[in-house]
Amino acid sequence: MAQPQLVDQGAVAASADRLTPTTMLKDQWNMVKELVAADIGISHGKSWIDPLELLGLDGMILVLGSPNSFAKDWVENHYLEPMIKAWKQINMVIQGIKIVIHEAPVTIANTNSVTSPPQAKTQETFDSFEKEEPGTYTGAPLDNRFTFENFVVGKPNELAYAAALRVAESSTPQFNPLFLYGGVGLGKTHLMHAIAWKIRQCHPARKVIYLSAEKFMYQFVRALRYKDMVSFKDQFRAVDVLMIDDVQFISGKDTTQEEFFHTFNALVDKNHQVIVSADKSPSDLENMEERLKSRLGWGLVADIHPTTYELRLGILQAKSAALGVNMPKEVLEFLAFKITSNIRELEGALNRILAHASLVGRSISLDTTQEVLRDLLRSNDQRLTVEEIQRKVAEYFNIKMSDMVSNRRMQNIARPRQIAMYIAKQLTSKSLPEIGRKFGGRDHTTILHAVRKIQELCADDFDFANDVEILKRSLQT
Ligand code: ADP
Ligand code: MG
């Protein structure tokens, strides 16, 4: 990825007047200003960065307006680096910054001013929406594989599954909203689609709309731009069931949040069902307005936990059966053991093995599986964290997790701590100082000492070596 940089004068045509920043860009600019102020000091930020006007994007060049040429020169000479650094963190699309003198600043403080004429070209990302007709706001299509029938239920997802099914079958909301959350690739989208399919089947008259929070935002921005808010509001508020996937996407996007909040309230007040998914619980969502977070937690909050071995095996069995292939039992077990990250990767692994088998025309064995998935298996191994090791070891020796970082020296605590240090060195790619930091900021020599000590003890004491070996193996699978 190319480094963003200061753009040559003249590289951007004198077209600043035609530009209009999008809501998203404005939100990003606000974040950038905060980052830069943190970097250069609040008072410098106030003096130099705050007076800059965000004018918009010209291609991939960000255009800022400065009130006079002195300020422009000063900022270019002193604060360009920190600004570029901050933009790089927030929006990788931006390839450069151009500052122009802009004496008549445009108002960007409230959303009403974002209604520029349709021909104004703003950010690349919105292009696909410009092709859509204004006045129609649509949901996303449903994937016909994502049904309740195809969803394998296990301990980690049974609550979410039961709640989803209940919502889909009931004719009036039992809890509102239903908030589903969990890590990536654990089945949130699958459950959302399953609900939508089921409602169509059980209650065909109900109007259901399913879309990602991202798409909600784009449509909202488009409605603002085309001065079409009335129709936007009418359409979203007329549905019986509104489903918004990945609501964390609107974190930090204040105007979209505001609109979503009102839509949400309008629907819930009418007793229409709202279903939301996210990667975190309502209270853990960052950069979300408090009142929205609290409102999202009012109904039923159902989390999807990381997968267990049983669930992974069940999913592999179900998927291979559905595909009509006969996978050797040990291959399925091996995959369920090894691919622990999420279900999407598990599916990906299965598909790769099947594709390979049909390509080379050989039957599937444990050996070919290991060969085909070599890179994937390695990256799954690397995911083992020092915290996980600490937790497992603490559990095994029945000591507190906090003792992994404490200074307590009793042998029954210090020894397990050293074992955890030793295993961390063996099973992760972390350096000694990095491991030291994870153990309450200990010095790297402490870690080295622990590693040597445990090696010695393993050589001398068979039972001890056995304990360490069991722990290591249980962490590796
Ligand atoms: P998320 O939205 O949580 O990131 P998805 O719903 O997209 O995850 O799930 C990722 C993949 O895993 C999809 O192909 C989905 O069908 C599959 N999947 C997830 N959970 C299950 C499950 N319990 N049973 C069967 N397939 C599942
Ligand atoms: Mg999803």
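In listed order, ligands and their atoms are each counted from 1.
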side-chain hydrogen bond (donor to acceptor under 3.5 Å, both in side chains) between D245 and T189, intermediate numbers included: CA-CA 7 Å; D245 205 353; T189 298; 2.7 Å; yes
Stepwise salt bridge (charged side-chain N to carboxylate O under 4.0 Å, His left out) test for E347 and K319: CA-CA 8 Å; E347 275 187 339; K319 303 243 173 206; 2.3 Å; yes
Stepwise salt bridge (charged side-chain N to carboxylate O under 4.0 Å, His left out) check, D39 with K85: CA-CA 10 Å; D39 193 1; K85 207 170 87 197; 3.4 Å; yes
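Defined by atom type and a distance below 3.5 Å, a donor-acceptor pair is present between the side-chain atoms of S406 and R417. In this structure, a donor-acceptor pair under 3.5 Å is present between the side chains of S431 and E434. A donor-acceptor contact closer than 3.5 angstrom is absent between the side chains of D234 and S231.
Looking at atom 7 (O) of ligand 1, its nearest protein heavy atom turns out to be R344 NH2, 2.8 Å. Annotation: atom 14 (O) of ligand 1 to nearest protein heavy atom, E347 OE1, 2.7 Å. Taking atom 15 (C) of ligand 1 as the reference point, the nearest protein heavy-atom neighbour is H190 ND1, 3.3 Å.
Each of the following atoms of ligand 1 lies closer than 4.0 Å to a heavy atom of V184: 4 (O). Atoms of ligand 1 lying under 4.0 Å from any heavy atom of F151, numbered from 1 in the order shown and given with element: 20 (N), 21 (C), 22 (C), 23 (N), 24 (N). When each atom of ligand 1 is checked for a heavy atom of G183 under 4.0 Å away, the hits are 3 (O). The ligand atoms of ligand 1 that sit less than 4.0 angstrom from a heavy atom of V152 are 22 (C), 23 (N), 24 (N), 25 (C). Each of the atoms 24 (N), 25 (C) of ligand 1 lies under 4.0 Å from some heavy atom of N150. Near N157, the atoms of ligand 1 lying under 4.0 angstrom from a non-hydrogen atom of the residue are 23 (N).
When the options I250, T256, T263 are evaluated for a side chain to side chain contact (heavy atoms under 4.5 Å, CB included) with F220, the one that passes is T256.
The shortest N or O to N or O distance between G187 and ligand 1 is under 3.5 Å. Backbone and side-chain nitrogen or oxygen atoms of G185 are examined, and one is located within less than 3.5 angstrom of a nitrogen or oxygen of ligand 1. Checked by distance only, ligand 1 and V153 stay at 3.5 Å or farther apart across all their nitrogen or oxygen atoms.
Here the side chains of I419 and F397 are in contact, with some heavy-atom distance below 4.5 Å.
If you look at F216 and F249, their ring centroids are not closer than 6.0 Å.
Of the listed residues (I343, L346, D279), the one carrying the non-hydrogen atom nearest atom 18 (N) of ligand 1 is I343.
Note on E258 versus R291: salt bridge recorded, some NZ/NE/NH1/NH2 to OD/OE distance being below 4.0 Å.
Here S212 does not reach the Mg ion (ligand 2): none of its N/O/S atoms is less than 2.8 Å from the metal.
For K319, every heavy-atom contact with ligand 1 shorter than 4.0 Å involves the side chain, none the backbone. Residue contacts with ligand 1, taken as heavy atom pairs separated by less than 4.0 Å, involve I315 solely via side-chain atoms from C-beta onward.
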